[in-house]
A.B. asks: 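The structure is given below, and queries will be raised subsequently.
Hydrogens, waters and symmetry mates play no part in the numbers below; they use all other heavy atoms, side chains included. Small disclaimer: the values here were computed from a predicted structure and weren't measured. Letters A, B, ... mirror the listed sequences (proteins, then strands); counts begin at 1.
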Amino acid sequence: MRALVLERNKKVSRRLVRYFTSAGYEAEAVHTPEHVMGNLDGVSVLAADAFDVDLVVEILTNKPAMRGILWTAEPLKRALRYMNDLPQLSNICGRKDFESAPRAWEIVMVARRLLPTNESRVKFSDFLHWGYTGFQEQVASTEQRDAIVAKVQEFVGHLGLPKRVGESLGELAHELLMNAMFDAPIDADGKPKYARDRKATLVLPPSEQPLFRVAADGSRLAIQVIDSFGQLRRHHVFGGLARGLERGEMDTSHGGAGLGMVVCHNATVAMFYDVVPNQHTEVTGIFDMDLNVREFRIRAKSLHYFQA
Amino acid sequence: MDAARHSAGSTLQKLTIDKFTDRDVVCLKLDGWIDEDFDGKKLAHTIRARNLILHLSGVRRISSFGIREWVDFIAAASKSVEDIILVECSPKIVDQLNMVGNFIGRGRVFSFYVPYRCDYCDREDEILMQVDRDWAAITSMTPPERPCPNCGDTQYFDEDAITYFSYIASQPRFALEPAVTALLSSKLNGAQADIAQRLRVDKIIEDRFTYLKLSGDLDDGFPHIKLAEGLEGAIIIDLTDLGRIEPAGAAQWRTFIQLITPAAEIIVFLGVPPIFLEKLTSRDDIGPLGQVETLALPYACTKCATTAPHIVSVGGHYDLLKFATPPEMKCVECKSSCHCSAPDSVLSYLPGLPKPNLPQPVRKFIKSIKGRKPIQQRSAVTAATGELPVAAMRRRSWVMVVAAAIFAAVLTAGGLLGYRYLHNPGGRTASSTGVGKLVEASAPARPAWIASSAIFSGHCNSGAKLGMNCVGVSSHAVSEADAQEEAQAAALEAMVHALGPRIDHPDWSRYMAPMFTDIRQAKMSLLSEQNDRQSIHYDRAFGTVREGRKAVANTLRKGGGRVISTTPTAQYWERYESPYGGHRYLVFVEYQVTGDIIDKLIETYSRSARAAATKAMTIFPGIGWRYPDIDRGAVITSIGDGILKSMGLTEGYIVLSIQDRTVKDAPSFARILKQELKQLRRDGGDLHLEVKTGDNLPTEFHHPISRVKSAVQPSSTQHNKSTVRGPVNTWDRVGGNSSDGKASNTPK
């Protein structure tokens, strides 16, 4: 399998080639868009900065079997427009600046998952270094949801992170659980069971209870919620976030999904959405504990959507 | 930029909403989370007001559904109010402002917190910024660095400035309307915010009654001397709209009461708010003629969660109030029964209030005043208004302002002139010395050092080698001894007054000078304004100055002034016939003080000493003007974490004694404190200090000190327990790995 890396910074491009090679590709780098077209033979993954998203979209549109990976040091807004419309383009990695490569673990994980031979799901432990600690709970009720949110803040506090980070991650946990408990469950006809009244007090049967996980490895903190319905679609993710980031008048016509996506986006450095339609949705948020709040705010975010 | 709040600990709670109302202004204070449980539309329908204030410092989390409810709330509320103002927005709210376009509709943000962080201490602080005060920093998006309160290292702004300030910098700058600031600063007790509300005084004079309405903060801008001028008869002071009370304002208030008491027949206080009740209702504060007629206490309704001030008649509910129990009231919103929400610390002052006994004409006047339209529309005089707030300016044309000013001036002049005519029909203006012809003098002619013949005066000239020559003149006293005492006190007080500006020490300027400068000036001014020397007002003002000078001279003599000769350098006297029989004596004294002695005095009164993390300075004799009962002591000018701070002492307090040992000055403060602490740590016992904390009687501060056991050296086989703990899973400490989850507690 070949991966073509379009990256103007030669030093960064060498690193990226190394990452893709480590993920099992035959990787090659080009440094200008003009050299892309002549190097596409046998390429299954085209990777580039979001600055060149127009070129990537043009090529992917003409080559339906090819997948794209983007990276960016800027806000996601521009790339989201294209990602919402093009299923081959579902991954964008944030990086610090134009002189830095995206995070190695993230590129390797994403690239590996795009290999057609790879069918295994990513485990929660794959997001973290070995030796992490944390907790997981099956969430049966709204009361338990609030308890978990409180516990997350407490956990973050024990890790020595600023209180505002704890509040933000508590907010993320609440958001993910609300979606998994109220929006995900559907009845036999495929209609949402509880989405009408999000103020209701819920007690869910075991088959509808989402699984909540949080853990930290000293550098990264991961929060994951899994539901067993698999209803989340790419337009919920990309379209919702694009709407939410527009900062226009709040549009409630789409159920306010955009705001929920923005809450997730604002609380993490990377969001992973794994969906097996009608089977399960697995949403994982990663927070980088080595960044202070100011660095975190200006750091470009990652967004990944995988659908089986 | 100030008013820091420190983040400490995390307390998780759902949303609580407190509602405060005052006439056309409603304030909602939200604390907790805004999520699916927040019912925006329902809340909006409970609001009936012109101005809606949203106090949001306590909002720490907002979910996406909460945002939707919030936007519904703002949309619904906008239909029933004219203006929505957000104050003390938490960083979370600022995030939402930047993220959600219609988050506050046509509302405006007045103040918000900006997060700061010190990496070294791992300390987070949130600093309040206001659009009226910090506009330059907001629009330039450059919040200043600030020192960490803990380590002094630099704290940095812990956000992306361009994002953080983007929304607020794009809105127009504005100031709060007076009614809004009144609610925030008084009813909400918004100590965090520097919502400075300049004091406004409205005054109505009718017949022998004067009605004053004070609105705003009682701070060092309180024009106490100017306001006291001409106040006579029955003085009614309405405090319903009083805002915050600053220490400097409280001191000026006491001076104000002292100044108006001599000419007053009765002083009545209306609408006394909790802050005033707590700070300024002692005997010294309201004066011997003062009577509190009504209180303005906050009442909270448990049914609709509205907190609003209610006027409580002290006389009407005296039997309850004397047991520190306010009466029940009806809620202004839902008419349910509601209860006073003032803290116990405030209510504990209720039993100390005397039962008012107002003459019928005074009651009738108060009733007529209260029955009129709001005073702003026809106020007689505004004594201390500052710049008109921007918001208010928008609403008033210049024509109205000019017309109101002319109308006010005419009313004022009419009121004042009318009052003066009624009470001084003879127009007595002649001043009389009250003495006859000179019958004897200590010398054939007044000596050359007497440069001025102004009686009852004191002044100093520069002497040789940076010294001073101070001359004091008595009044026409009935005895030579009295005259001599007056003259000496006048000369020495003048010396103290001249000495002050030569003390170049920041602590002196910060803590010592403010204690007496204003009160001296006020007492002197009052005396100089008395034209009729036979009036009782002159007598009272004269007595005040005489006692003040004596107190200052006494303190000087007992303190650093011991270096000054006890007898004047020169003295001259004259004896006059009195028209009432007998004689009157006029004495002149001179003190010549060399530059060396002046230097010693300056050194004495600039001296600080430190003990137990506390720095103190020797009291300056000038404080005799304010505290005539104090002639020794040391003023605390700096207090760090230590035993005295834990006892409740603070800067500006005067330590008079430690373990019953008199503190004469700063060095003795440090010496005695060190000695006594050493002994207490050896033997154990109670540390007690006698401290002057304000205008009340000195306060006793106590603190038990345990005996320190002698240290035991650990044996070589002992280990420090904190170093031998095994591996600890952080999460184990909060039960994270307990098996209450249904699945395995180890994430896969």
A.B. asks: Between the side chain of B:Asp158 and the main-chain N/O of A:Arg294, is any donor-acceptor distance below 3.5 Å?
C.D. replies: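 Yes, B:Asp158 side chain to A:Arg294 backbone: donor-acceptor pair under 3.5 Å.
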
A.B. asks: Can you name the nearest heavy-atom pair linking A:Gly260 to B:Ser64, along with the distance?
C.D. replies: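 Of all heavy-atom pairs spanning A:Gly260 and B:Ser64, the closest is N-CB, 3.4 Å.
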
A.B. asks: Please determine whether a side-chain nitrogen of the Lys or Arg among B:Glu159 and A:Arg164 lies less than 4.0 Å from a carboxylate oxygen of the Asp or Glu.
C.D. replies: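 Salt bridge flag = yes for A:Arg164 with B:Glu159.
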
A.B. asks: Counting only heavy atoms not in B:Arg106, do more than 12 fall under 6.0 Å of its CZ?
C.D. replies: yes

A.B. asks: Return yes when atom CD of A:Glu143 has more than 12 non-hydrogen atoms of other residues, nucleotides or ligands closer than 6.0 Å, and no otherwise.
C.D. replies: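 Not buried by this count: 12 neighbours or fewer within 6.0 Å.
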
A.B. asks: Take atom NZ in A:Lys96; do more than 12 heavy atoms of anything else shown fall under 6.0 Å from it?
C.D. replies: no

A.B. asks: Are A:Gln153 and B:Arg60 close enough that a side-chain donor and a side-chain acceptor fall under 3.5 Å?
C.D. replies: no

A.B. asks: Could you give me the CA-CA distance, side-chain angles and deciding distance for B:Tyr156 and A:Asn292, then say whether side chain to side chain contact (heavy atoms under 4.5 Å, CB included) is met?
C.D. replies: CA-CA 11 Å; B:Tyr156 61 85; A:Asn292 65 31; 3.2 Å; yes

A.B. asks: Between B:Met99 and A:Leu245, does the side chain to side chain contact (heavy atoms under 4.5 Å, CB included) criterion hold? Intermediate values first, please.
C.D. replies: CA-CA 7 Å; B:Met99 190 177 85; A:Leu245 292 177; over 6 Å; no

A.B. asks: Under a 4.5 Å heavy-atom cutoff, which of B:Ile62, B:Asp37, B:Thr163 has the most pairs with chain A?
C.D. replies: B:Ile62

A.B. asks: What distance do B:Asp160 atom CG and A:Ile298 atom CD1 have between them, rounded to the nearest 0.5 Å?
C.D. replies: 6.0 Å

A.B. asks: Please check if atom CD1 in B:Ile17 has more than 12 non-hydrogen atoms from other residues, nucleotides or ligands closer than 6.0 Å.
C.D. replies: yes

A.B. asks: With rounding to the nearest 0.5 Å, note down the distance linking NZ in B:Lys92 to OG in A:Ser168.
C.D. replies: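 The OG atom of A:Ser168 is 5.0 Å from NZ of B:Lys92, to the nearest 0.5 Å.
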
A.B. asks: If you round to the nearest 0.5 Å, how far is CG of A:Asp146 from CH2 of B:Trp33?
C.D. replies: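 Output value for this atom pair is 5.5 Å.
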
A.B. asks: CZ/B:Arg68 to CZ/A:Arg198 distance, rounded to the nearest 0.5 angstrom?
C.D. replies: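 Reported to 0.5 Å precision, the distance equals 7.5 Å.
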
A.B. asks: In terms of side-chain geometry, is the basic nitrogen of A:Arg297 or B:Asp95 positioned less than 4.0 Å from the acidic oxygen of its partner?
C.D. replies: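 B:Asp95 and A:Arg297: salt-bridged.
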
A.B. asks: Whether the side chain of A:Glu171 engages the backbone of B:Ser63 through a donor-acceptor N/O pair (distance < 3.5 Å, no angle test) should be reported.
C.D. replies: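 Not confirmed, A:Glu171 side chain does not pair with B:Ser63 backbone.
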
A.B. asks: With chain B, which of A:Val139, A:Asn266, A:Val293, A:Leu172 has the greatest number of heavy-atom pairs at distances under 4.5 Å?
C.D. replies: A:Val293

A.B. asks: Go through it in stages, so that I can follow the logic: the residues are A:His174 and B:Asp35, the test is side chain to side chain contact (heavy atoms under 4.5 Å, CB included), and I'd like the CA-CA distance, side-chain angles, deciding distance and then a yes or no.
C.D. replies: CA-CA 9 Å; A:His174 182 265; B:Asp35 59 13; 3.9 Å; yes

A.B. asks: Given heavy-atom pairs under 4.5 angstrom as the criterion, report whether the side chain, backbone, both or neither of B:Asp39 touches chain A.
C.D. replies: both

A.B. asks: Answer yes or no: is there an ion pair linking A:Lys199 with B:Glu36, defined by an N-O contact shorter than 4.0 Å?
C.D. replies: no

